[in-house]
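For reference, the structure discussed in these notes is given below.
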Amino acid sequence: MYVKIHKASSTPSLAGVRAHLQGLFFIKPVMTHYHGNNSFRSEFSDAEILYKASEITSPQRQVCDRETQDDRLWSATPHIVWKANASGWATYLGQRWEEYTGVPIAAALGFGYLARVHPEDRPRLLARSRTSENRQSYEIKFRLQARCGRYRWNLARGSPANPDSHDVLEWVGTYTDIEALPQTPAAPAVEPGFLGSEAGEEANLKAENLGKIDAKSDLQAIERFTNLLSQRAGNLCELLQAIADATVEAIAGAEFCLVALPECDSSGLKLSAVGGASNFEKGKTPHVQDNLLLKAFATGESQLWRSESGTAVPAAACAAAIESGETGRLGVLAVGNGKDSAAMDKGTLQLLAVMGKQAAIAINSARAIEKLKKQEQLLDLQNELLIRQQEELENQGRRIQQQKLQLLEAAKLKSQFLATMSHELRTPMNAIIGFSQLLLRQHKQLLTDQQTDMVGRILNNGKNLLVLINDILDLSKIESGPTELKTEEFDLAHLVMDAAREFGNQATDKNVAMSVSACLQDRFIVNDKLRLRQVLVNLISNAVKFTHRGTICIEVRELNGDRLAIAVRDTGIGICETDLPHIFDKFRQADQTTSRHYPGTGLGLAISAYLVKMMNGTITAESQLQKGSTFTIEFPRKIRPNQLEKEVRQRIL
């Protein structure tokens with residue numbers, strides 16, 4: 001059932017309330033929308049009166065503009081409700097404790113509450129609760145530190161929670177701020193210490209005359225109410241029904257109870273639970289005035305309504321807000337009696353207000369539990385998703401590892417195949433080159449000029465093919481395992497001249513000038529002579545291949561730190577800027593087409609870069625199209641094979 005909430009300008013007078021009754025209606029436990037307008041017929045007469053809590057607690061209005069809502073609620077519930085065992089260990093403290101002292105309830109349970117008791121009063125307070133053989137109710141005056149920091153005199157009232165037992169197992173009681181109570185001239189001051197039964201009865205009468213809650217009876221009602229709510233704290237729907245049922249059971253004279261919560265869009269109130277339906281005839285349902293719930297929810301003030309018309313409407317009803325200091329107003333709690341207009345009084349309002357606070361705590365707890373359950377379900381789903389993702393990643397990792405092993409095995413088989421094929425190809429190629437050279441030595445006797453030219457072509461192509469085979473063989477050796485350097489001392493300048501002289505005829509045939517410059521104070525170095533010569537041959541061969549005019553310069557110089565540099569500079573076709581970063585890659589050539597003008601496998605520079613790294617050196621290239629290229633290698637004058645091999649392996653791997 002829904003109730004539409006409309007703004008109210010101010011609190012209406014009694015005559016205004018009567019006039020407004022023409023637009024009022026009943027809230028019934030059915031899923032129906034209601035709107036507060038004049039299209040509904042009034043079911044109340046002028047004899048039916050609506051009261052505020054402030055109108056019935058004193059002859060004059062006690063509400064002023066400066067008084068806050070919390071102040072009104074505190075004045076309605078002035079007691080701090082507590083429970084403790086026979087040793088003084090606090091097992092329960094009402095919400096009023098935290099509002100009065102500023103100390104969280106969780107921190108005050110046990111003996112934590114003693115931190116707010118004056119040090120001089122702590123022994124008396126504990127000694128009285130530990131006197132288990134005295135099973136009578138007691139009162140004692142002590143000082144309790146308020147939220148402001150000042151100690152204020154309070155009256156502690158306690159009664160055995162188990163009156164049928166021989167010994168006191170648990171105490172229930174209240175703390176009441178005596179200084180906040182209005183004193184009359186005839187009221188004697190309460191002395192510190194133990195009070196007899198007559199003094200206790202006198203204090204009860206004083207508190208009753210001041211409009212306060214009767215601790216003994218109302219505490220038992222609140223305790224029953226709290227115990228019933230604690231059993232249903234896990235499910236919000238069951239909890240709301242438990243609140244309605246427990247309120248009917250706890251409040252004397254209440255035949256039914258309604259629990260109304262606001263809609264999600266704050267457009268009205270929705271009836272969420274009904275208690276005491278068994279007190280009505282079959283087919284009839286409890287109902288209460290709409291304005292009663294709306295005012296209690298909108299203002300936070302407890303409302304009391306009585307009917308003197310004798311109609312079928314409830315004879316008396318009261319409503320209190322369900323609210324807490326942390327989450328604010330959560331809804332409305334209303335009780336009523338269908339026959340006795342005197343069944344609801346100011347004591348009922350005060351008790352209902354306390355139950356409204358307890359209900360707010362229970363609702364907040366239930367919502368928090370439901371939220372935690374949803375979060376736990378979400379975490380479970382996330383954990384399940386993470387587990388699946390982890391399993392998928394592990395499967396992918398295993399597949400990648402398997403693919404890696406397959407690739408390594410394929411690479412190994414490829415290297416073995418290349419090594420075998422290179423060996424098989426080099427043997428007949430050496431025979432072809434050898435027989436070609438033998439025929440050329442005897443060409444005058446056996447060959448004509450044309451045949452001599454043909455044999456020369458066979459010899460040149462055989463040598464070129466042998467170079468390609470050697471490159472493939474070197475690559476297969478490099479990929480199959482680390483190459484060992486065989487160091488020795490030799491003349492570097494002589495090695496460079498010998499490598500350049502090997503390509504002198506080819507440079508002369510292309511009308512390209514070649515020069516060698518060696519500026520060395522010490523011409524002898526320690527290195528792998530054959531591998532260094534292989535690097536120089538690759539660089540000079542490329543320079544001769546790609547240079548059609550101009551010069552090729554080979555320079556050898558010393559660097560700082562006992563290092564040397566060899567530069568091969570040409571004026572050839574150059575290398576494109578986009579291809580320059582990839583020239584040391586295997587099988588990489590600037591012209592990848594099958595109709596390229598410059599033959600080769602693209603392995604020379606890759607093998608040279610690998611060998612230079614083995615020598616603990618570096619190789620760099622600078623080039624511009626149509627202007628030429630410069631390749632520079634730097635390496636130490638002396639290398640140590642054992643240490644060098646270890647460093648190179650770490651760098652390469």
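None of these values were measured; they are calculated from a predicted model.
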* Value rounded to 0.5 Å, distance of CG in L495 from CZ in F490 -> 5.5 Å
Donor-acceptor pair, distance only, cut-off 3.5 Å: does the side chain of [X] make one with the backbone of [Y]?
X    : Y    : answer
D498 : H494 : no
D570 : I552 : no
R329 : A298 : yes
T571 : T551 : yes

* Heavy-atom pair with the smallest gap, counting every atom of L239 and A366 -> CD2-CB, 3.5 Å
So, do [X] and [Y] sit near enough that their side-chain heavy atoms are less than 4.5 Å apart?
X    : Y    : answer
M514 : Q506 : no
M615 : R531 : yes
L144 : I80  : yes

Can [X] and [Y] be counted as an ion pair, charged N to O under 4.0 angstrom?
X    : Y    : result
K638 : D562 : no
R569 : E622 : no
K374 : E370 : no

* **Contacts of type side-chain contact (heavy atoms from CB on, under 4.5 Å), residue Q521, not counting sequence neighbours** => E558
* By side-chain contact (heavy atoms from CB on, under 4.5 Å) - contacts of T91 (at least two apart) -> K83, W89, E170
* **Pairwise salt bridge (charged side-chain N to carboxylate O under 4.0 Å, His left out) hits with a residue in residues 512-529, at least two apart** => D491-R523, D522-R637
